[in-house]
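Each ligand, and each atom within it, is numbered from 1 in the order the structure gives.
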Amino acid sequence: GSVDKCPFTSNVAGGGTRNTSWWPNNLKLDILRQNSVAANPLDKDFDYAEAFKTLDYAALKKDIAALMTDSKDWWPADFGHYGGLMIRMAWHSAGTYRVFDGRGGGGAGQQRFEPLNSWPDNGNLDKARRLLWPIKQKYGNKISWSDLILLTGNVALETMGFKTFGFGAGRPDTWQADESVYWGSEHSMFPEGNETRYSKALKGVNEKGALGSDYSKDTDLKNRELEEPLAASHMGLIYVNPTGPDGNPDPVAAAHDIRTTFGRMGMNDEETAALIVGGHAFGKTHGAAPDSNCGPEPAAAGIEHQGLGWINKHASGKGADAITSGLEVIWTETPTKWGNGFLESLYNNEWELEKSPAGAPQFVAKNAGEVIPDPFDPNKKRKPTMLTTDLSMRFDPAYEKITRRWLTNLPELEDAFARAWFKLLHRDMGPIDRYLGPEVPKEELIWQDPVPKVDHPLVDEKDIATLKETVLSAGIEPSRLIAVAWGSASSFRNSDKRGGANGARIRLDPMNKWAANNPDELHKVLNALEKVQQKFNSEASGGKKISLADLIVLAGTAAVEKGARDAGHNVVVPFTPGRTDASQEQTEVSSIAFLEPKVDGFRNYGKSTARGRAEEHLVDKAQTLSLTPPEMTVLVGGLRALNANHGTSQHGVLTKRPGVLTNDFFVNLLDMETQWVDAGSDGELWKGIDRKTGSEKWTATRVDLVFGSHAELRAIAEVYGQVDGQGKLVKDFVAAWDKVMMLDRFDLKKNDKFV
Ligand code: HEM
């Protein structure tokens with residue numbers, strides 16, 4: 001597919017030349033309006049966790065298992081078993097996850113929607129999902145598509161003799177494509193275009209397959225860096241090109257790309273090798289003929305195909321004639337049975353480059369016998385074959401070290417694959433509190449960001465009132481209590497449900513070192529709060545305790561209340577105790593590091609980057625906090641009034657009463673008596689000048705001024721800047737503040753609230 005195809009222009013239902021065509025650089029707020037109630041066909045009070053409780057899980061698993069060998073004529077099962085296809089479906093669902101922003105992954109069932117349903121790499125997975133439809137239909141809303149797709153991969157493994165690590169359900173469905181994910185900027189999908197997202201393309205296909213050549217000494221490879229935050233090597237692929245980097249069938253070079261792409265999926269070398277070796281113990285690849293035989297992908301196929309794509313005109317178009325990747329490889333002698341056949345074949349054979357019937361480079365075992373079964377003809381046998389990227393597991397020295405060990409130690413491979421597969425499927429689930437069902441493993445896993453269980457009575461209303469007074473008189477500016485509470489809670493990202501105030505990880509490495517958290521100031525605030533905590537805990541009766549995680553939020557909340565009080569509003573800002581404090585040992589420093597905000601417009605921290613303008617970063621951050629445009633607006637305006645900027649910077653603090661929760665930010669931003677003039681040279685800072693006197697009143701950044709310049713944001717800003725805006729600002733700010741503080745409280749089983 002390519003975006004340059006001649007479009008048919010309609011003049012109804014949103015057709016015609018759009019704002020995004022006229023002003024492509026305008027800030028877009030659409031990603032803040034996704035998954036609205038209006039788009040959801042389920043009842044307003046539908047609670048997936050509750051519905052799942054009524055599911056007969058064992059019966060569902062039995063039906064999925066039976067499906068594996070119930071071959072349908074419209075899409076016959078290779079070797080009479082859909083296991084390979086279903087593992088690939090689950091793997092491709094989860095494998096889009098990337099660490100940088102936590103987006104992608106199987107947690108929202110996005111494989112059903114564009115672009116993923118039509119990616120070349122997801123070829124014929126439309127059939128896999130359609131095979132599942134009768135089961136989805138039978139169990140209805142008790143099982144989501146997101147869960148069903150991943151669970152089916154698990155059951156596939158089990159039916160072929162592999163013991164999995166477990167399964168956690170609990171992924172509510174979404175009803176539209178997630179537009180927040182940056183998939184790349186190329187205009188064509190793999191393998192059509194030669195556009196690359198790498199800083200360096202690999203030149204010149206090495207026809208010999210370059211076994212033994214050493215690309216790792218090659219500067220082309222050393223400087224080959226993948227654009228952030230992408231995790232796949234091409235537009236339209238989940239991970240890497242199976243024929244090697246840019247089509248160079250060089251296993252050593254391919255290892256470089258595998259390490260990068262799987263690393264960005266959150267996998268280390270051992271996990272990566274386990275996944276590839278374990279996954280390719282099953283099934284086959286499909287390349288009976290060139291893919292010019294195939295029709296368009298689902299999103300571009302005729303309406304009569306009902307969401308199916310890649311209609312194949314070669315012979316029967318299915319079964320033995322199937323075309324998916326264009327590669328024709330069968331890895332083991334037992335493609336529907338777990339075992340160490342992949343590594344045995346990899347190491348016991350020598351490999352030479354060949355072409356698949358579709359013309360793609362792949363490897364065949366030299367001088368080997370025909371020992372590999374045919375998927376449909378019991379009388380035929382084939383020679384062992386491998387993909388370029390499979391050979392990486394042997395010819396890359398680091399992968400070799402790992403896989404040679406497993407060659408003679410199957411139980412170790414089994415443990416590594418079971419754990420890596422479980423991590424793959426659950427990487428974007430967030431805290432263990434979200435996991436549902438009878439197969440949730442008991443073992444605490446570091447990548448789940450575990451927090452201790454509450455093992456003491458919690459504070460009551462009276463304690464909360466007392467603690468609020470104590471923290472406000474602990475010698476810390478209220479605005480700094482707000483800044484720290486914000487830093488703690490806003491580390492949450494809805495994309496993979498990581499971060500947040502629970503655990504109080506803001507006091508641990510690496511969060512306590514983040515520049516956005518202003519380490520010196522943070523240290524001071526935490527010291528003061530720890531003293532309050534110790535005093536309370538030592539004096540409280542009946543073993544009652546408050547965690548630091550709770551106290552951080554409570555202190556910010558008390559400061560917000562004070563700000564409202566000083567503005568004449570006696571409001572109670574909600575506070576729900578129950579957070580606990582994680583230890584450093586429970587904290588995976590290397591992966592928490594990915595949560596670091598490089599830019600945070602809510603704190604007026606950072607500025608535009610090569611990736612986007614400051615206001616785009618603000619919207620992106622707001623999306624990971626699952627905020628709506630009004631929530632984002634009121635939070636920025638309120639936080640500025642409360643003087644909560646990073647490092648008490650005064651940019652955007654458009655008030656004469658900093659620290660008071662007023663609507664001054666909006667009133668003064670929209671004041672026609674102020675003229676904004678450039679204060680620097682880099683388009684990041686402006687001065688607000690009094691038109692009459694010429695005196696400087698304010699300074700403001702892009703994320704401040706955007707609320708006056710962007711038409712839709714200005715429309716919201718006006719609501720808060722009007723005569724009736726003050727009371728509304730306080731009410732809405734308190735609600736949005738509470739929402740952010742509570743985003744990670746999955747212990748309260750709020751997991752269905754924000755998708
Ligand atoms: C099939 C590539 C990793 C599981 C395939 C196919 C390709 C491919 C090209 C053939 C698709 C077709 O033509 O039908 C790769 C590459 C990988 C990788 C380049 C990484 C370097 C994995 C992982 C898993 C996995 C991590 C699972 C843990 C499977 C399975 C099939 C398959 C089960 C067989 C599908 C069937 O029988 O229909 N892979 N794969 N692969 N892959 Fe992978």
Side-chain angles (χ1 to χ4, degrees), residues 68 75-95 97 119-125 127-128 131 150 152-154 156-157 160 162 164 190-191 231-234 237-245 249 251 254-263 265 267 271-289 291 294 310 312 318-319 322-332 335-336 338 342 356-358 360-362 375 385-393 396 399 413 416-425:
M68 296 294 161
W75 194 257
D78 302 325
F79 315 103
H81 201 297
Y82 288 120
L85 177 66
M86 295 303 180
I87 292 171
R88 178 170 158 257
M89 173 186 67
W91 145 233
H92 281 208
S93 178
Y97 174 80
W119 267 12
D121 213 10
N122 284 338
N124 291 329
L125 293 180
K127 321 298 187 298
L131 285 163
L150 299 176
T152 299
N154 237 40
L157 286 167
M160 297 189 290
F162 184 76
T164 65
F190 178 84
S233 71
H234 290 264
L237 286 188
I238 309 289
Y239 33 97
V240 293
N241 187 338
T243 63
H256 172 92
D257 284 10
I258 293 173
R259 190 160 284 119
T260 307
T261 58
F262 277 73
M265 218 181 280
M267 301 294 173
E271 290 162 333
T272 303
L275 285 169
I276 296 170
V277 167
H280 288 179
F282 304 105
K284 75 182 286 283
T285 76
H286 301 83
D291 67 5
C294 294
W310 303 288
N312 174 3
K318 56 190 182 181
I323 303 168
T324 306
S325 59
L327 292 147
E328 187 61 32
V329 157
I330 302 176
W331 296 281
T332 80
T336 63
W338 170 249
F342 177 94
S356 76
Q362 57 183 41
T385 40
M386 288 276 165
L387 305 173
T388 303
T389 47
D390 294 321
L391 297 196
S392 305
M393 296 298 106
D396 174 87
Y399 290 136
L413 167 61
F417 179 43
R419 286 169 183 275
W421 174 260
F422 182 79
K423 178 174 172 181
L424 174 75
L425 267 48

*Asks:* Using a 3.5 Å distance criterion without hydrogens, assess whether the side chain of T243 forms a donor-acceptor pair with backbone atoms of P361.
*Replies:* no
*Asks:* Donor-acceptor pair, distance only, cut-off 3.5 Å: does the side chain of S356 make one with the backbone of A360?
*Replies:* yes
*Asks:* Closest non-hydrogen protein atom to atom 1 (C) of ligand 1, residue and atom name please, with distance?
*Replies:* W331 CH2, 3.6 Å
*Asks:* Is there a donor-acceptor pair closer than 3.5 Å between any side-chain N or O of T332 and the backbone N or O of F342?
*Replies:* no
*Asks:* Around atom 14 (O) of ligand 1, find the nearest protein heavy atom and jot down its residue, atom name and distance.
*Replies:* H286 ND1, 2.6 Å
*Asks:* Among all protein heavy atoms in this structure, tell me which lies nearest to atom 28 (C) of ligand 1, with the distance rounded to 0.1 Å.
*Replies:* L275 O, 3.3 Å
*Asks:* Which residue from A254, S325, A420, G283 reaches closest to atom 9 (C) of ligand 1 through any of its heavy atoms?
*Replies:* S325
*Asks:* Keeping H92 on the side-chain end and I238 on the backbone end, is there a donor-acceptor pair under 3.5 Å?
*Replies:* no
*Asks:* Which bit of I87 gets closer than 4.0 Å to ligand 1, counting heavy atoms only: side chain, backbone, both or neither?
*Replies:* side chain
*Asks:* How far is atom 34 (C) of ligand 1 from its nearest protein heavy atom, and which residue and atom is that?
*Replies:* K284 O, 3.5 Å
*Asks:* Just to be sure I understand the site: which N, O or S atoms from the protein are less than 2.8 Å away from atom 43 (Fe) of ligand 1?
*Replies:* H280 NE2
*Asks:* Look at atom 19 (C) of ligand 1 and say which protein heavy atom is nearest, naming residue and atom and giving the distance to 0.1 Å.
*Replies:* T389 OG1, 3.2 Å
*Asks:* Parallel, tilted or perpendicular: which describes the rings of W338 and F417, with under 30° parallel and over 60° perpendicular?
*Replies:* parallel
*Asks:* Donor-acceptor check, side chain of T388 to backbone of P251, threshold 3.5 angstrom: yes or no?
*Replies:* no
*Asks:* So, N124 versus T324: side-chain donor-acceptor pair below 3.5 Å or not?
*Replies:* yes
*Asks:* Of the side chain and backbone of Y82, name the one, both, or neither that has a heavy atom under 4.0 Å from an atom of ligand 1.
*Replies:* neither
*Asks:* Using a 4.0 Å cutoff against the non-hydrogen atoms of V240, which atoms of ligand 1 qualify?
*Replies:* 19 (C), 21 (C)
*Asks:* How long is the straight-line distance from OG1 of T285 back to CG of L387, given to the nearest 0.5 Å?
*Replies:* 6.0 Å
*Asks:* Could you go step by step and tell me if W119 and Y239 meet the ring pair (Phe, Tyr, Trp, His ring centres under 6.0 Å) rule?
*Replies:* CA-CA 12 Å; W119 267 12; Y239 33 97; over 10 Å; no
*Asks:* Give me the nearest non-hydrogen protein atom to atom 17 (C) of ligand 1 as residue plus atom name, then the distance to 0.1 Å.
*Replies:* Y239 CE1, 3.1 Å
*Asks:* Checking N122 side chain against L125 main chain: does a donor-acceptor pair fall under 3.5 Å?
*Replies:* no
*Asks:* Under a 4.5 Å cut-off applied to non-hydrogen side-chain atoms, are P335 and F282 in contact?
*Replies:* no
